[in-house]
Amino acid sequence: MDKILVTTALPYANGPIHLGHLAGCYLPADVYVRYQRLRKRNCIHIGGTDENGVPITIKAEQEGKTPREIVDYYHKTIKESFAKFGIKFDNFSRTSIPLHYKTSQDFFLNLHGKGYIVPKIQKQFFCPRCQRFLPDRYVEGTCPYCGSEGARGDQCDECGKWLEPLDLKNPRCKLCGSTPVYRKTKQWFFRLDLLEPRLKEWLVSKRDWKENVRSFTLGWIKQGLKPRAITRDISWGIPVPLPEANGKVLYVWFDNVIGYISSTKEWAQKLGEPEKWRDYWFSQDTRLVHFIGKDNIVFHAINWPAMLMAHGEFILPSQIPANEFLTIEAKQMSTSRNWAIWLDDYLDRFPPDPLRYVLASNAPERSDSNFTWDGYRMKTNNELVGTFGNLVNRTLQFINSYMGGKIPEKSSLQAADMEVLNKINEKKKEVGDAYENFSPKRATEKFMELAREGNRYFDYSKPWELRKNDRERLSTVIWLATSLIANLGVMAEPVIPFTAEKIKNFLGIKHWEWDDVVGEIINQGAQLGKTEILFKPVSRGKIVLERRKMMGNIIRFSEFEALDLRIAEIKGAERIEGTDKLIKLLVDTGGDTRDLVAGIGNVYEPEELIGKKIVVLLNLEPKKIRGVESRGMLLAAVHDGKPVLLTVDADVPPGCVVS
RNA sequence: CGUGGGGUAGAGCAGUGGUAGCUCGUCAGGCCCAUAACCUGAAGGUCGCGGGUUCGAAUCCCGCCCCCACAACCA
């Protein structure tokens with residue numbers, strides 16, 4: 001039987017997890033794994049934290065802690081927030097454990113023994129003022145290829161060329177700005193160049209890879225591969241296992257990926273079958289799938305397969321479904337500018353499933369995608385609450401209210417019923433294909449279509465009428481609606497597992513799986529478990545708070561000045577028909593007279609409004625509400641959910657500027 | 001200068017040769033089982049611009065314009 005080994009990029013243990021990590025890597029992986037499990041396939045999810053390297057030592061220095069304290073803290077928080085969010089790992093390891101040290105060192109020695117790793121005395125930059133060798137990215141200078149000023153030691157961002165620090169002209173230490181000096185030091189290099197032909201051939205054969213991954217990789221390798229240093233002169237990391245390499249450690253990109261192997265080993269040990277990891281890594285019938293973000297493509301599609309090829313015993317990746325990036329409110333995420341939504345912070349106030357759903361349905365699969373709080377609210381309220389949750393609720397409520405809380409038994413099926421059954425099967429196929437092809441986005445779309453189908457069936461069948469005149473037909477209709485819900489639960493489980501679990505309990509189903517026959521998934525006559533509302537609507541106010549929080553509470557004066565606030569006099573007021581609290585106001589703003597729509601009818605009567613001087617925001621974008629174009633907004637204090645109009649302390653003419 | 005991605009209805013997106021689609025929003029109607037939720041219908045796009053290939057192009061080719069990422073330890 002085929003095995004699937006899923007890995008997710010090891011998050012660097014110097015900060016918490018944010019939405020970008022989830023959308024690009026961990027959620028798609030978790031969805032994929034959960035789907036495979038539902039299909040009873042042998043699939044394990046391996047991960048862990050990356051805990052070596054310079055940035056962690058710098059973070060430790062900044063916070064006056066030891067690197068050990070830093071990685072311990074972040075390993076714990078990352079692990080916890082994944083667990084709370086429902087990202088399930090079979091093993092979540094860390095690269096600072098002895099097992100990983102040994103695995104990495106063995107790997108190094110293996111390649112070294114085969115001549116793929118060679119030493120080279122190298123002149124490397126040493127900053128006399130900082131008293132340290134400078135990592136590649138901490139050296140800046142002029143790019144030798146394109147002449148750009150701000151090139152880093154590892155790569156020029158202007159022309160995209162991969163560089164060695166010594167290539168740079170006019171080098172500077174990025175930490176202190178002083179000119180570094182050359183110092184001789186011995187480093188070990190991985191002969192990527194030797195693997196280039198094989199690598200190229202292998203990559204070209206990967207026609208089923210996502211286009212973004214494939215084209216990026218092939219473009220990269222066209223530049224040609226050079227030996228790449230894999231050791232460094234720092235103290236925090238895995239010692240190079242050679243007697244002459246005292247004080248050197250493995251460079252993180254080399255040991256990080258090996259973490260997938262050591263984490264699998266750890267998993268096997270914990271299982272009490274320490275050799276079991278070999279079933280995966282040494283077996284040609286294992287599909288090795290690496291979920292990563294797009295910034296990791298080169299390491300996983302070039303360096304890592306090259307390492308595996310050089311070693312020779314391990315299988316090679318069969319899929320690398322890298323996603324693009326997720327922006328927040330159309331702006332690139334940035335930790336330093338604090339433009340990010342942190343998972344643990346989100347989970348303090350919101351449940352996991354709505355975010356899982358929103359991120360899955362808006363996943364950056366082919367191009368960057370954008371997360372907005374308003375979009376989050378819309379999707380939650382319209383799709384999860386309105387369509388999905390409501391279908392479940394209206395059906396189960398019906399059973400509870402009118403059918404004694406027991407799942408009814410079907411009798412003969414009509415054409416409409418058969419159509420629905422076919423629809424379920426059809427959607428199941430489509431949703432399954434979507435999961436299989438790494439598209440949770442498409443999967444959510446398809447299972448939501450089924451939920452709509454369910455609502456339609458419910459409406460057309462009119463069970464509230466059948467209840468009075470055709471109990472037999474009623475039973476069949478509700479049976480089918482309930483079956484649909486159960487199947488919907490199965491299909492949606494990879495994306496919204498907490499919700500699926502609830503549905504399972506509502507229906508008294510102990511166990512379900514993908515291949516359950518559509519019409520037989522529920523037990524006729526079974527008593528419903530305790531039911532509850534699946535999703536709560538997200539209020540506008542809650543979203544406003546989140547956005548404010550993220551943008552910070554300070555605005556520029558110019559931003560305030562952009563608001564055209566004026567005094568206006570109410571000339572006319574009338575209720576808008578068919579609404580509870582909307583009032584159409586005619587106001588004199590000094591310059592013109594215009595309509596405003598205000599939701600104050602629950603507190604004010606139109607008559608009492610006339611003649612009042614109020615504060616109005618004039619340059620708000622016009623909005624059509626119930627057929628009336630509202631050109632501006634009146635300001636009111638809101639107390640206990642009720643508006644109180646802002647007025648002026650002395651009589652001033654309409655049009656008077658508020659500042 | 002380069003690399004990668006993108007420009008399709010008010011918004012967010014799907015659609016790789018054959019009458020332009022989805023969700024939301026807007027407008028109108030229906031229903032009352034359900035979390036003011038559900039269902040139906042309508043309006044709304046010269047598919048970034050200009051050429052070309054083709055019986056036929058959002059979709060293929062050429063040229064151009066615009067946006068984003070590739071810096072601050074951000075997947």
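A note on names: the letters A, B, ... follow the listed sequences, proteins ahead of strands, and every chain is numbered from 1.
- Across U40(B), U23(B), C74(B), the shortest atom-to-atom separation from the side chain of R456(A) is found for U40(B).
- Between C70(B) and G25(B), the distance separating the two P atoms is 34 Å to the nearest Å.
- Atom pair F458(A):CZ and G30(B):C1' shows a separation of 17 Å (rounding to whole Å applied).
- Remark: U46(B) base-pairs with no nucleotide; criterion is Watson-Crick or G-U wobble with both hydrogen-bond distances under 3.5 Å.
- Figure legend. C24(B) is base-paired to G10(B); pairs are counted as Watson-Crick or G-U wobble with both atom distances under 3.5 Å.
- Closest to the E465(A) side chain, of the nucleotides A34(B), C32(B), U35(B), is C32(B).
- On the P atoms, U3(B) is 15 Å away from A71(B), given to the nearest whole Å.
- Separation of the P atoms belonging to C64(B) and G18(B) is 28 Å when rounded to the nearest angstrom.
- Separating the P atom of G45(B) from that of G10(B) is a span of 8 Å, rounded to the nearest Å.
- Mapping N393(A) and K441(A) onto RNA chain B via the closest heavy atom, the residue that lands nearer the 5' end is K441(A).
- At the heavy-atom level, E449(A) lies nowhere under 4.0 Å from the strands shown.
- Distance from the side chain of W464(A) is smallest to C31(B) among C31(B), A34(B), U23(B).
- Annotation: A9(B) and C47(B) have their P atoms spaced 10 Å apart (nearest Å).
- Here G386(A) lies in heavy-atom contact (under 4.0 Å) with sugar-phosphate atoms only.
- Side-chain contact check for Y74(A) versus K59(A): some heavy-atom pair is nearer than 4.5 Å.
- By the 4.5 Å heavy-atom criterion applied to side chains, E365(A) and P440(A) are counted as neighbours.
- Distance CD (E383(A)) to C1' (G12(B)): 11 Å, rounded to an integer number of Å.
- Taking only side-chain atoms of H21(A), from C-beta outward, the nucleotide of C74(B), A34(B), U40(B) with the closest atom is C74(B).
- You'll find that the side chain of P537(A) is closest to U35(B), out of U35(B), C33(B), A75(B).
- Counting non-hydrogen atoms under 4.0 angstrom, N296(A) reaches the backbone sugars and phosphates but no base.
- The interatomic distance linking L359(A) (CG) with C13(B) (P) rounds to 14 Å, in whole Å.
- Base contact: L534(A) has a heavy atom under 4.0 Å from a base atom.
- Atom name P, nucleotides A58(B) and G51(B): the rounded distance is 14 Å, in whole Å.
- One finds a side-chain N or O of Q397(A) lying less than 4.0 angstrom from the OP1 or OP2 phosphate oxygen of U35(B).
- The same atom, C1', is picked in C60(B) and in A28(B); the two are 43 Å apart, to the nearest Å.
- Between M448(A) atom CE and G12(B) atom P the separation is 21 Å, expressed in whole Å.
- Inspection of the Y376(A) and E546(A) side chains reveals no N or O donor paired with an N or O acceptor under 3.5 Å.
- As the counterpart of C70(B), G2(B) is assigned, both hydrogen-bonding distances of the Watson-Crick or G-U wobble pattern falling under 3.5 Å.
- Of all nucleotides listed (C24(B), U35(B), C33(B)), C24(B) comes nearest to the side chain of R452(A).
- Between the side chain of D459(A) and the base of C31(B) there is no donor-acceptor pair of N/O atoms closer than 3.5 Å.
- When heavy atoms are screened at a 4.0 angstrom cut-off, Y26(A) is found touching no nucleic acid atom at all.
- Residue T387(A) has its side chain nearest to C38(B) when only C33(B), C38(B), C74(B) are considered.
- In this structure, R540(A) atom CZ and C24(B) atom C1' are separated by 13 Å, rounded to whole Å.
- The side chain of N390(A) sits closest to A34(B) out of A34(B), C24(B), C73(B).
- For the C1' atom pair drawn from U53(B) and C66(B), the interatomic distance equals 26 Å after rounding to whole Å.
- Counting any heavy atom pair closer than 4.0 Å across all strands shown, L326(A) reaches a base atom.
- The pair D459(A)-R456(A) does not count as a salt bridge, with every side-chain nitrogen at least 4.0 angstrom from each carboxylate oxygen.
- In this structure, N362(A) and T444(A) have side chains that are not in contact, with every pair of non-hydrogen atoms separated by 4.5 Å or more.
- Among the atoms of the strands shown, none is found under 4.0 Å from any heavy atom of Y12(A).
- Between F398(A) and C33(B), no base-stacking contact is recorded for ring centres under 5.5 Å apart and planes less than 30° from parallel.
- Counting only heavy atoms from C-beta on, N382(A) has its side chain closest to C24(B) among C24(B), U23(B), A34(B).
- Seen from the ring of F350(A), K542(A) counts as a face-on cation partner, given the 6.0 Å and 45° thresholds.
- In E472(A), the CD atom is not crowded: 12 or fewer heavy atoms of neighbouring residues, nucleotides or ligands sit closer than 6.0 Å.
- Salt bridge present: E449(A) and K446(A) bring a charged side-chain N and a carboxylate O closer than 4.0 Å.
- Nearest-nucleotide positions on RNA chain B for S369(A) and K59(A) put S369(A) closer to the 5' end.
- Across F458(A) and P463(A), no two heavy atoms sit closer than the pair O-CD, 3.2 Å.
- The nearest whole Å value for the distance from the CG atom in D30(A) to the C1' atom in A75(B) is 16 Å.
- The side chain of N455(A) lies closest to C39(B) when the candidates are U35(B), C73(B), C39(B).
- At whole-Å resolution of the value, CE in M378(A) and P in C13(B) are 15 Å apart.
- Rounded to a whole Å, the CG atom of N362(A) is 14 Å from the C1' atom of C22(B).
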